[in-house]
Amino acid sequence: MASAAATASGDDLKKMFEEAAASVKTFKPASGAKSVSNDEKLKVYALFKQATEGDVTGSRPGMFSPTDRAKYDARVTVKGKSTDDAMREYIDEVK
């Protein structure tokens with residue numbers, strides 16, 4: 001069965017994306033639940049950026065900026081993905 005995000009388009013998709021983005025800002029793992037891994041955080045970050053800004057630009061940050069480098073590398077993995085596809089994946093990943 002396809003998710004609601006998989007069949008949504010236009011304004012419905014954008015609304016679902018905005019709701020998912022808002023839920024991430026206030027997310028706190030339940031007591032006793034495992035925390036979100038850095039890889040999962042980077043995937044969600046990359047999909048959000050792809051949906052809102054498009055493909056990553058610029059050069060890869062150097063080894064003395066490990067956080068920026070990890071973010072850049074995560075964004076490269078979704079490079080070329082359409083805005084709608086990035087929104088759909090983001091919604092599915094966050095839900």
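Values below: all heavy atoms of this structure, side chains included; hydrogens, waters and symmetry mates excluded.
Contacts of Asp84 classified as salt bridge (charged side-chain N to carboxylate O under 4.0 Å, His left out), with partners at least two apart in sequence or in another chain: none. Contacts of Asp55 classified as side-chain contact (heavy atoms from CB on, under 4.5 Å), with partners at least two apart in sequence or in another chain: Gln50, Lys79.
Hydrophobic side-chain contacts under 4.5 Å tie Phe64 into a cluster, directly or through other members, with Met63.
Residue pairs meeting the salt bridge (Lys or Arg N to Asp or Glu O under 4.0 Å) criterion with at least one member in residues 61-77, sequence neighbours excluded: Glu53-Arg75, Arg60-Asp73.
What you find for Ala86 and Ala51 is that their closest heavy atoms are CB-N, 3.8 Å. Summarising the geometry of Ala74 relative to Ala46, their closest heavy-atom pair is O-CB, 3.3 Å, with the distance given to 0.1 Å.
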Can I get a per-line list of side-chain donor-acceptor pairs under 3.5 Å for residues 13-26, giving both atom names and the distance, sequence neighbours left out?
| unit_1 | atom_1 | unit_2 | atom_2 | d |
| --- | --- | --- | --- | --- |
| Ser23 | OG | Ala20 | O | 2.7 |
| Thr26 | OG1 | Ser23 | O | 3.4 |

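Here CG of Asp92 is found 9.5 Å from CZ of Arg88. Values are rounded to the nearest 0.5 Å. The line from CD of Glu89 to CZ of Phe48 is 15.5 Å long, rounded to the nearest 0.5 Å.
Leu42 and Val78 fall into different hydrophobic clusters, where Ile, Leu, Val, Met, Phe, Trp and Tyr side chains are chained together by heavy-atom contacts under 4.5 Å.
A 4.5 Å side-chain heavy-atom check between Leu47 and Lys81 finds at least one atom pair inside the cut-off.
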